[in-house]
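Everything on this sheet refers to the single structure shown next.
Just so we're clear, the structure is a prediction, and the values are computed from it rather than from any experiment. Throughout, a chain's letter reflects where its sequence line sits, starting with A, and its residues are numbered from 1.
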2 protein chains.
Amino acid sequence: MVLSAQDGKATIMDIARAAGVSKSTVSLVLNNSPLVKPLTAEKVKNAAEKLGYVYNRSAASLRQGTSNVVAMVVNDLTNSFFVELLIGAERKLLESGFITLLSHTGEDIKLQAQVLSSMREQKAAGLILCPALYTPPELAITLKKWGMPFVTVMRSLNDEESDFIGCDNYQGIKLATQHLVNLGHTDIAFIGRNRTNSVSVVRQDGYEDCLRENNIRIHSPWIIASKISMQDGKVAIRRLLALKKRPTAVVCYNDLIAIGVLNEIGEQGLTAGRDIAVVGSDGVAMAGFCNPPLTTVALHSHKVGELASQILLERVKNPDAPVVKQLLKPELIVRKSCGADIQSKSLSPDAS
Amino acid sequence: MVLSAQDGKATIMDIARAAGVSKSTVSLVLNNSPLVKPLTAEKVKNAAEKLGYVYNRSAASLRQGTSNVVAMVVNDLTNSFFVELLIGAERKLLESGFITLLSHTGEDIKLQAQVLSSMREQKAAGLILCPALYTPPELAITLKKWGMPFVTVMRSLNDEESDFIGCDNYQGIKLATQHLVNLGHTDIAFIGRNRTNSVSVVRQDGYEDCLRENNIRIHSPWIIASKISMQDGKVAIRRLLALKKRPTAVVCYNDLIAIGVLNEIGEQGLTAGRDIAVVGSDGVAMAGFCNPPLTTVALHSHKVGELASQILLERVKNPDAPVVKQLLKPELIVRKSCGADIQSKSLSPDAS
DNA sequence: CTGAAAGCGCTTACAG
DNA sequence: CTGAAAGCGCTTACAG
């Protein structure tokens, strides 16, 4: 194939001339319109190839008033749950011909507002938003006024009228807590209390309701406020271990915190699962490779990302379709940090 | 502020009319040109605000032939090193008025080629590329023919004429290996051999050269091929532990592999640092929270990302500036997985 | 199934 | 310091 000296500079007009058709026809061919006769389409495609033609999306976007980019604004990429979600979403978008404009807000709502404006200027076709903590709910109204289709993920904006894909945080934490109860624990702590984070509120509710349903009294010194990081998990369990009356098990808000917890337990010469049971939530890949491997609740990060993309693209196509609110079903993954293996061993006849 | 019914639909012409100036002047104001009298600029800005004006980047891109998006194509976001790098780069780009078009290739060169084409169509102003394994070196030529400024990160394309930001992998692994030698080890394994990954080749060289310089014979059964994942690290150490003649220490290609190694060691009831020493490379955040905490070589992921953005933006401004090739200096971070704490304890007078 | 024409909203010389 | 004019490369009714 001989590339023209103008490689990359050819326009639709050049193709039209080379192929002996009008530029309208070229445009139709480039967009795979069924209106064009196959033979003509072939001629056009060959000419485009020969000229080293590159489609100019800026021109198309200007003309159409929208683009083939989708904005993805994520609160915390240091939490691999969101990275896994991003990977799922990005792949799915790509398969549908969209490309991802990414921004990481790091839970900074000022920054979030700034990047959203920027993405509006880019004429993003839609937005997948994992809102930063403390995002004002009016953001939903703003986005609608902008006419930007969006779906919120994991955290909602408390807006009835917008699409949301999340996980059943309440059932998830209940599953985890009940598992500890089933293993015989009654002294169960919760790390990650934060009354201004709706997800934390729900997870704490799941923990407390589970205890109540099992007639276990809630012991408030065992409910520890914590930011969402490994380091803060570490600090929280340290406080718990320093208590005169220690819990025998701990439910963590998420895996990130649980990983910090496991680390500190190890540092203190203790063994999670034997000396104290630990469960997390989210089911990040890393959880399976902790020491000991972390019992957690899989929230299906990739699936959430894929679903969010899919729902968004449907919303883009059809703004008037019914609102989608979907909570994925959590799934308990039992590993060793909860001590389930030790217990079953001591119950088996061949236990030493 | 009263928003017009046309919120978001106003153009530069509407502003011009409202402010009583020409649209050229409006354009200059929007681009913060110093040519416009402050008073005029103020009038224009007020009018824009009042009309709910949104800058249309598609139009600007079409006219200018370039955009304010920067493409970032990353080989492996399941490795948090690259996530950290991405975070650093994205933040820096945002500060400079650029927004990030992201794609995750997952080491798939077909997919990589596809997304690069797509980013070309978007008229990305530049590209930060962490190339997929086995990327043909001709990619550098292609990108140049496209006229797309780019900088490769971590892995180079073996092209003298293009910018590259990486880490001194050779010195890094040497640092790690020498640390084990200093602790008294002579039976040191290497996990992560891959002769078709240039980074692995260099790291293995660092390991081997360090042994040689210390007059330690290289024992090839202790050099284990492995893919770059936690699971593959797990499998590799299992093979090593099954050997009749086991090594007493192991250098891992990177932290991802090391995390898998630590997990398997724990699963076998052994303790890293006491029963076998482990060191990683990269210095991901997670390394500090392993059990035991992982001794590793910090390669400064955020810094690499920031530097890559900075160099790219300079390249965009000045295509003829001298080529930049920069290797960041690695830094050993001693934690417990290498057993340094145990050794120093046994050397201290108050050891039990 | 194909062509001629208008226009998307900017920026950029150029003239004053 | 400001204005009039041209044009970036597409898509989309519309007419045939």
Side-chain angles (χ1 to χ4, degrees), chain A residues 6-45 47-48 51-69 97 118 120-125 147, chain B residues 6-45 47-48 51-69 97 118 120-125 147:
Chain A
Q6 303 267 44
D7 191 27
K9 296 293 171 210
T11 75
I12 222 177
M13 265 310 288
D14 300 317
I15 300 175
R17 264 191 293 272
V21 299
S22 78
K23 63 178 184 163
S24 320
T25 304
V26 174
S27 179
L28 292 173
V29 171
L30 294 177
N31 289 289
N32 294 311
S33 163
L35 297 176
V36 182
K37 201 160 41 176
L39 191 74
T40 314
E42 177 117 353
K43 270 197 305 187
V44 169
K45 281 178 181 163
L51 292 167
Y53 173 73
V54 179
Y55 188 76
N56 186 328
R57 299 235 169 247
S58 306
S61 297
L62 171 58
R63 177 57 221 253
Q64 295 180 120
T66 184
S67 72
N68 75 329
V69 316
S118 178
R120 184 188 189 196
E121 296 185 349
Q122 305 288 345
K123 299 226 171 282
Chain B
Q6 303 267 44
D7 190 29
K9 296 292 172 214
T11 75
I12 222 177
M13 266 309 288
D14 300 315
I15 300 174
R17 265 192 293 271
V21 299
S22 78
K23 65 178 183 163
S24 321
T25 303
V26 174
S27 178
L28 291 172
V29 172
L30 294 176
N31 289 288
N32 294 310
S33 164
L35 295 177
V36 183
K37 199 156 44 174
L39 192 73
T40 315
E42 178 116 354
K43 271 196 305 186
V44 170
K45 281 177 181 163
L51 293 167
Y53 173 72
V54 179
Y55 188 76
N56 185 328
R57 297 235 169 249
S58 304
S61 295
L62 171 58
R63 177 58 222 253
Q64 294 180 122
T66 185
S67 72
N68 74 329
V69 317
S118 177
R120 184 188 188 195
E121 295 185 350
Q122 305 288 346
K123 299 229 171 279

Rounded to whole Å, the CE-C1' distance (Met13(B) to dC10(C)) equals 12 Å

Output for pair (Asn56(A) CG, Thr11(A) OG1), nearest 0.5 Å, gives 9.5 Å

Value for OH (Tyr53(B)) from CD1 (Ile12(B)), rounded to nearest 0.5 Å, stands at 5.0 Å

Rounded to the nearest 0.5 angstrom, the CZ-CG distance for Arg57(A) and Leu62(A) is 14.5 Å

Residues 14-29 of chain A vs side chain to side chain donor-acceptor pair (under 3.5 Å), sequence neighbours excluded, gives Asp14(A)-Arg17(A), Ser22(A)-Thr25(A)

Here DNA chain C, pairs taken as Watson-Crick or G-U under 3.5 Å and shown with ( ), [ ] when crossing and | when to another strand, reads |||.||||||||.|||

Given protein heavy atoms under 4.0 Å, the one-letter contact record of nucleotides 2-9 of chain C, with B base, S sugar-phosphate only and - none, is simply SBBBBBBB

Heavy-atom check, side chain of Asn68(A) versus side chain of Gln122(B), under 4.5 Å = yes

I'd like to check Lys123(B) versus Ser58(A) (side-chain heavy atoms, cut-off strictly below 4.5 Å). Are they in contact?
yes

Ala48(A) and Ile15(A) have their tightest heavy-atom pair at CB-CD1, 3.7 Å

Shortest non-hydrogen pair, Ala19(A) vs Ala47(A), comes out as CB-CB, 4.0 Å

